[in-house]
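Below, chains carry the letters A, B, ... as their sequence lines are ordered, and counting in each starts from 1.
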Amino acid sequence: MSKPYEPKDIEKKWQETWEKEGAFCVGTDRSKPKYYVLLEFPYPSGQGLHVGHPRPYTAMDIIARKRRMQGYNVLFPMGWDAFGLPTENYAIQNKIHPKIVTENNVKHFKEQLKALGYSFDWDREINTTDPAYYKWTQWIFLKLFEKGLAYKSEMPINWCTSCKVGLANEEVVNGVCERCGGEVVRRVKSQWMLKITEYAEKLIEGLDDVDYVEKVKVSQKNWIGRSVGAEVDFVISGKEDKLRIFTTRPDTLFGATYMVISPEHPLIDKYRSDLKNWDEIVAYREMAARKSDFERTELVKEKTGVVLEGLTAVNPVNGKEIPIWISDYVLMSYGTGAIMAVPAHDERDWDFAKKFHLPIIEVVAGGDVEQAAFTDVASGKLVNSGFLDGLEVAEAKKKITEWLAEQGIGKQKVNYKLRDWVFSRQRYWGEPIPLVQCEKCGFVPIPESELPLMLPEVESYMPTDNGESPLAAMTDWVNTTCPCCGGPAKRETDTMPQWAGSSWYFLRYTDPNNKEAFASKEALDYWMPVDWYNGGMEHTTLHLLYSRFWHKFLYDLGLVSTPEPYQKRTSHGMIMGENNEKMSKSRGNVVNPDDIVNEFGADSLRTYEMFIGAFELSAAWSNEGVRGCRRFLERVWKLRDMLTEEEGYSAALETKVHQVIKKVSLDFEGLKFNTAIAAMMGLVNEFYRVGSVARGEFRTLLLLLNPVAPHITEELWELAGYEGRAYMQEWPVYEEAKTIEEETEIAVQLNGKVRATIKVGIKEEQDSVREKVMELEAVKKAAEGKNIVKEIYVKGRIYNIVVK
RNA sequence: GCCGCUGUUGCGGAAUUGGCAGACGCAGCAGACUCAAAAUCUGCAGGGUUCACGCUCGUGCCGGUUCGAGUCCGGCCAGCGGCACCA
C-alpha cells in the first residue's frame with residue numbers, strides 16, 4: 001500500500017523545488033511564441049486574502065501552466081497596487097508610516113499566494129508605491145501635461161465628506177462614496193483633470209478589434225454614451241448672442257415650443273439687466289446649487305423651473321417667438337447646457353410642459369401627445385413641419401440637418417456622456433504630481449532628471465476639512481524654485497488617484513527593472529499586447545477604461561507598439577458566503593484561504609474553486625464542497641496502487657481517455673473548469689470500475705490535472721517514476737478519430753417520446769438501423785393499426801417514428 | 001424607467017447549441033469491511049402511480065413554431081448587477 005496523501009508536506013516540498021529551479025521564470029528563448037497572461041494585481045489590504053481572490057488567480061494559473069506545456073514562452077507576473085486610502089487610514093489610526101503598513105501587508109499577501117502554488121514569475125514583482133515604479137507614473141503624467149491632456153480646472157467636484165477627498169464620477173455610486181458609503185456633495189475646487197473625453201471615439205472604435213466578453217464592451221460603450229445629433233443656434237430676440245443647443249432629434253424642430261437652460265448657464269448673468277424676475281431666478285439657482293448629487297437623484301421626477309421674463313428665443317424654422325426657462329433637469333456639463341424643448345416627443349419636456357401649461361405641438365404622427373410623449377422613432381411620419389411633412393424620422397433628421405447647415409445655423413454633432421477624469425486627490429498616500437506653480441510661469445513640470453519626485457516624510461497624514469492635502473502643511477517641501485525662471489514657486493500638493501499606478505502596470509511587467517524607460521521598446525514589441533486579461537466587472541468603467549486611455553495615448557506618442565493593451569478580456573463571478581450573501585466582515589461569513597489550505601491543502605482549494613460553478617457567475621462557498629474535491633484527489637492518489645505496466649492506453653479505455661483530453665483541453669480555453677474537472681472525475685471513476693490503470697493513462701491524467709492541482713500531480717509524477725517534471729511536459733494531444741465510439745446507444749422515439757434504446761454502429765445507415773428499430777416490441781405495438789407518417793434518424797442520437 | 005445577467009433535483013450545478021433532462025459533486029439511503037464508529041469501497045436515488053414490465057407529470061408562468069423545445073419565437077413573473085433628468 002502506498003503512503004497516505006499528506007498535502008502539507010507535498011505542497012511545501014514542491015513550492016520550494018519550483019523556486020529553487022526557477023521553474024516559472026520567463027524564458028529567454030524569444031524564438032518561442034509568447035503568451036502574456038495577466039490578472040488584476042491586488043490591493044494589499046490589512047485583512048489579507050479571502051477565498052474570492054484565488055478564483056481568478058487559479059483560473060489564470062491554469063491557463064499559464066497549460067500554455068507553458070503547449071510550448072509558449074509565458075509571462076505570468078504579479079505585483080501590488082499599493083497606494084490608497086485604507087492603508088493611509090490604517091496608518092493614521094495606528095501611527096505607523098503607510099510605507100511600513102504596505103510592506104507588512106505585501107509580505108503577508110505574498111506568503112498566502114505562495115502557499116497556493118501559483119506559477120508567477122516573482123522576479124518581475126512590481127509595487128506601485130516603489131519610487132522606481134512611480135517615477136514612470138509621474139513621467140507619463142508629464143507627457144499628458146505636455147500634450148495638453150492634463151489641465152487644472154476650477155469646477156464642481158464630488159467631495160466625500162467622510163474621506164475628505166475629491167472623487168471621480170466613476171467612484172460615486174448611488175450618490176455616495178464607493179469606498180466608505182459617506183455622503184458626497186458638490187464642492188467647487190481647483191482640480192487636475194485628464195482629458196479622457198478626447199479619446200472617447202477611439203475608446204469605442206478600439207472595442208471592435210479586441211476579444212472582450214460582450215457585456216464588458218456594452219458597459220464601456222454605454223458609459224462613454226455616444227449620441228449623434230445636431231447643434232442648432234437659436235436667435236435671442238433683440239440680442240447679438242445666439243443660444244446654442246444640442247439635440248438628437250433635430251427632426252422635431254417644428255415642435256419646439258420653449259427652451260430650457262441650465263441654472264448655471266452663463267447667459268443668465270450676462271443678461272441680468274433684462275430679467276424682470278431676477279430675485280426669483282436667483283432663488284431658484286441657489287436652491288439648485290445647494291442640492292448634493294444624492295438629493296438630485298433622490299428627488300427625481302417632479303420638475304421644477306422658472307421662466308426668464310424679458311428674454312425670448314426664436315424658433316429658426318418658423319420664426320415663432322418662444323419662452324426660455326431655467327431648470328435643473330438640464331445639466332451644464334452635457335451638450336451646451338441648453339435644450340430646445342419638444343414636449344410632444346420627449347418625456348421630460350412633456351412632464352415639464354404639463355406642469356407649467358406650455359403648448360404641446362405634435363410633429364410626428366402616431367401617438368396621442370395629449371396623453372404622453374410619443375418617442376418611437378421607428379414608426380410615424382412628420383406632420384405640422386413644413387418641408388418635412390410626410391417624411392420618416394430618419395429622413396427628416398437628414399434633411400433638417402442639411403437645411404441647418406445651408407442656413408449656417410446648425411450642424412451635425414456627436415456628444416458623449418463620458419466626462420473628463422478628476423485626477424487630484426487631497427491625500428498623502430499617492431503619487432505626488434510632479435509640477436510646480438510659479439507666479440510668473442504658471443504650472444511648470446519638474447525636469448525629468450528630478451524624477452521621481454519622492455513623497456516627503458511627514459508627521460501627520462490626517463486629511464483636512466479645508467480640502468487641502470496633508471502635503472500642503474509641509475512648507476519646506478512645498479516652497480521651491482521654478483525650474484523655468486528660477487523664481488519662487490510652490491509644489492502641487494494634491495496626489496494622484498489610486499487608478500494612476502494601475503493604468504500602465506502591464507507595460508512595466510515586460511521590463512520591470514528598466515531605469516532608462518518605463519519599458520524597452522524591444523520588450524514591449526515582444527510581449528505586448530496582453531494576450532489574456534481576466535478581472536472583475538467592477539473595473540469595467542474604471543481601471544479598464546482608464547488603462548485603455550493611457551495606452552492609446554502612449555500609442556499615439558509612438559511609445560508602445562499596439563493600439564490596444566489587452567487582446568482578450570474575461571471576467572469572473574464573485575465567491576459568496578455559505579449563506580449566499582456577499583462575504584464581509586460585518587456579515588461574519590468570510591472564509592480565509594489559510595484555514596482551507598491547513599485543513600484540506602492548496603490543491604483541494606484550487607480544485608474546489610474551479611469546480612464550484614460557472615466561472616463568470618457568482619457562487620456560494622461550501623466547506624463540504626472542498627471536502628468532495630479533497631476526496632477526488634485522494635482517489636487520484638490511490639490510483640498508483642492500481643497501475644499496470646502498459647505504457648500506452650488500454651483497449652478498454654482508449655476512447656474515453658481521448659475524449660477526456662479533448663474535453664479538458666477545450667473546456668480550459670472556455671473557462672469551463674467545472675466541467676473539465678467533472679470529466680476528470682469521470683475518468684477516475686472509470687479506472688476504479690475497471691480496477692486498473694495503465695501507466696500511460698495515469699501519465700495523461702496527471703498532465704491534464706497538473707494545471708489545476710500542481711503539487712499532488714508533481715509528487716505522483718515523481719513517485720510513479722516518469723521522467724523529468726510534470727510541469728515541463730508537453731500538453732497531451734488527442735486524436736479526433738479516437739474520441740468517437742464504434743458503437744453507441746440511441747433513443748427510439750414514437751411521436752417524440754422515448755420508448756426504447758438500442759445499440760447501433762456509429763456510422764450505421766438509416767436502412768440498417770430501421771430494421772433493428774422495427775423489430776422492437778414497443779414499436780410494433782405502437783404501429784399496429786396506425787400509419788407511419790414520417791421517420792427521422794439523427795446519427796448517433798435518436799430514431800423518431802411519427803405515427804397517426 | 002433603460003441596459004445586462006439569472007431562474008433546471010434537497011443543495012452546488014451539467015446538457016455536444018434543437019435530439020435519451022438531471023453528467024460531476026455535496027448531502028441522503030442500503031450493502032461490504034469493522035467488536036463498533038470514522039475512513040474507504042460497491043450499489044440506489046426527480047415527483048406521482050404500479051408487486052412489477054411500465055405508464056404519467058416534470059427545466060419560473062402562459063401561449064406559439066417543430067417529428068422533437070431547458071435550448072428558438074411572442075407575452076408575462078421573480079431575483080441579482082449596472083446606469084439613471086445625458087436632451
Side-chain angles (χ1 to χ4, degrees), chain A residues 4 173-175 214-216 218-219 221-223 225-227 229 245-249 252 260 296-297 299-303 327-331 333-342 345-349 351-352 415-419 537-538 540-541 573-574 576 580 582 607-608 611-614 616-629 631-632 634-635 638 659 662-663 666 672 674-682 684-685 688-689 745-757 777-778 789-804:
Chain A
V173 176
N174 294 330
E214 197 54 31
K215 61 178 174 178
V216 169
V218 169
S219 299
K221 279 182 192 164
N222 289 346
W223 186 261
R226 182 182 199 269
S227 56
I245 61 100
F246 172 72
T247 179
T248 53
R249 295 292 306 275
T252 62
V260 186
R296 273 203 179 192
T297 51
L299 293 172
V300 264
K301 297 310 140 213
E302 186 72 349
K303 298 273 184 290
S327 173
D328 65 1
Y329 84 90
V330 175
L331 309 173
S333 51
Y334 183 77
T336 62
I339 61 158
M340 65 173 197
V342 184
H345 306 288
D346 181 283
E347 280 170 32
R348 294 149 305 180
D349 296 345
D351 290 342
F352 194 84
N415 261 327
Y416 304 92
K417 286 193 221 173
L418 185 70
R419 304 291 148 78
M537 275 309 288
E538 69 275 17
T540 301
T541 54
M574 230 188 307
M576 315 291 269
N580 205 18
K582 206 170 163 176
T607 306
Y608 176 62
F611 187 62
I612 191 168
E616 63 281 9
L617 300 178
S618 66
W621 185 263
S622 153
N623 268 351
E624 288 311 307
V626 189
R627 197 181 305 281
C629 288
R631 197 137 45 200
F632 164 61
E634 295 269 6
R635 279 164 73 80
K638 285 187 292 194
Q659 285 172 345
K662 181 178 180 182
K663 176 102 184 121
L666 295 178
K672 289 159 87 175
N674 50 341
T675 49
I677 292 168
M680 289 189 274
M681 287 172 167
V684 171
N685 291 347
Y688 274 81
R689 199 178 53 76
E745 205 177 62
I746 66 164
V748 178
Q749 298 183 336
L750 281 157
N751 292 341
K753 286 191 173 151
V754 182
R755 283 295 121 101
T757 57
E777 277 307 311
V789 187
K790 198 171 177 183
E791 289 171 51
I792 297 119
Y793 175 51
V794 181
K795 265 188 193 172
R797 297 275 158 217
I798 54 125
Y799 197 103
N800 190 16
I801 302 167
V802 186
V803 295
K804 236 180 186 170

With sequence neighbours excluded, residues passing ring pair (Phe, Tyr, Trp, His ring centres under 6.0 Å) with [X]:
X	value
A/F246	none
A/Y416	none
A/Y799	A/Y793

Glycosidic conformation of B/U50, taking syn as within 90° of 0 and anti otherwise: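 Nucleotide B/U50 adopts anti.
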Decide, for B/C62, between syn and anti: a glycosidic angle within 90° of 0 counts as syn, anything else as anti. anti
When the distance from [atom1] of [X] to [atom2] of [N] is rounded to whole Å, what number comes out?
X	N	atom1	atom2	answer
A/E214	B/C3	CD	C1'	13 Å
A/N674	B/G13	CG	C1'	7 Å
A/L617	B/G13	CG	P	8 Å
A/I612	B/G25	CD1	P	17 Å
A/M537	B/C80	CE	C1'	13 Å
A/Y793	B/C67	OH	C1'	17 Å
A/K753	B/G68	NZ	C1'	11 Å
A/Y688	B/U42	OH	P	8 Å

With a cut-off of less than 4.0 Å, is there a side-chain N or O of [X] near OP1 or OP2 of [N]?
X	N	value
A/R689	B/U42	no
A/T675	B/G13	no
A/K790	B/C67	yes

Looking at A/M537, I'd like to know if its CE atom is crowded, meaning that more than 12 non-hydrogen atoms belonging to other residues, nucleotides or ligands lie closer than 6.0 Å.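 More than 12 heavy atoms, drawn from other residues, nucleotides or ligands, come within 6.0 Å of this atom.
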Looking at A/E347, I want to see if its CD is surrounded by more than 12 non-hydrogen atoms of other residues, nucleotides or ligands under 6.0 Å. no
5'-to-3' dot-bracket of RNA chain B (Watson-Crick, G-U; under 3.5 angstrom; crossing pairs as [ ]; | other strand): (((((((..(((......[....))).(((((.......))))).((((....))))..(((((..]....))))))))))))....
When you compare [N] with [M], how far apart are their [atom1] atoms, in angstrom units rounded to a whole number?
N	M	atom1	value
B/G63	B/A69	C1'	14 Å
B/G81	B/G58	C1'	31 Å
B/A27	B/C83	P	40 Å
B/A32	B/A38	C1'	16 Å
B/C55	B/C2	P	48 Å
B/G68	B/G4	C1'	32 Å
B/G60	B/A52	C1'	36 Å
B/C20	B/U59	P	16 Å

Pick the nucleotide of RNA chain B nearest each of A/R249 and A/Y608; which residue has the one closer to the 5' end? A/Y608
Reading RNA chain B from 5' onward, which residue's closest nucleotide shows up sooner: A/V218 or A/D346?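 Between the two, 5'-proximity favours A/V218.
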Do the rings of A/F352 and A/Y329 sit parallel, tilted or perpendicular, given the 30° and 60° boundaries?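 Ring orientation of A/F352 relative to A/Y329: tilted.
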For [X], which contact category applies under a 4.0 Å heavy-atom criterion: base, sugar-phosphate, or nothing?
X	value
A/N685	sugar-phosphate
A/A679	nothing
A/T540	nothing

Go through the N and O atoms of the side chain of A/K303 and the base of B/C85, and report whether any donor-acceptor pair is under 3.5 Å.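 For A/K303, whose side chain was compared with the base of B/C85, there is a donor-acceptor pair (under 3.5 Å).
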Between the main-chain N or O of A/S622 and the side-chain N or O of A/Y608, is there a donor-acceptor pair closer than 3.5 Å?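 Pair found, side chain donor or acceptor close to backbone of A/S622.
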Under 3.5 Å, N/O pairs linking protein and nucleotides 26-28 of chain B:
{"from": "B/C26", "atom 1": "OP1", "to": "A/R631", "atom 2": "NE", "distance (Å)": "3.0"}
{"from": "B/C26", "atom 1": "OP1", "to": "A/R631", "atom 2": "NH2", "distance (Å)": "2.9"}
{"from": "B/A27", "atom 1": "OP1", "to": "A/E624", "atom 2": "OE1", "distance (Å)": "3.4"}
{"from": "B/A27", "atom 1": "OP2", "to": "A/R631", "atom 2": "NH2", "distance (Å)": "3.1"}

Minimum-distance pair of heavy atoms, taken over all atoms of A/K417 and A/W223: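 Answer, listing the atom of A/K417 first, then A/W223: CB-O, 3.9 Å.
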Nearest to side-chain heavy atoms of [X], which nucleotide of [options]:
X	options	answer
A/F611	B/G13, B/C24, B/A15	B/C24
A/V330	B/A14, B/A87, B/A23	B/A87
A/A678	B/C85, B/A23, B/C67	B/A23

Does the distance from a Lys or Arg side-chain N to an Asp or Glu carboxylate O, for A/R627 and A/E624, drop under 4.0 Å? yes
Heteroatom pairs (N/O) under 3.5 angstrom, protein to nucleotides 19-22 of chain B:
{"from": "B/G19", "atom 1": "N2", "to": "A/Q749", "atom 2": "OE1", "distance (Å)": "3.4"}
{"from": "B/C20", "atom 1": "N4", "to": "A/E745", "atom 2": "O", "distance (Å)": "2.9"}

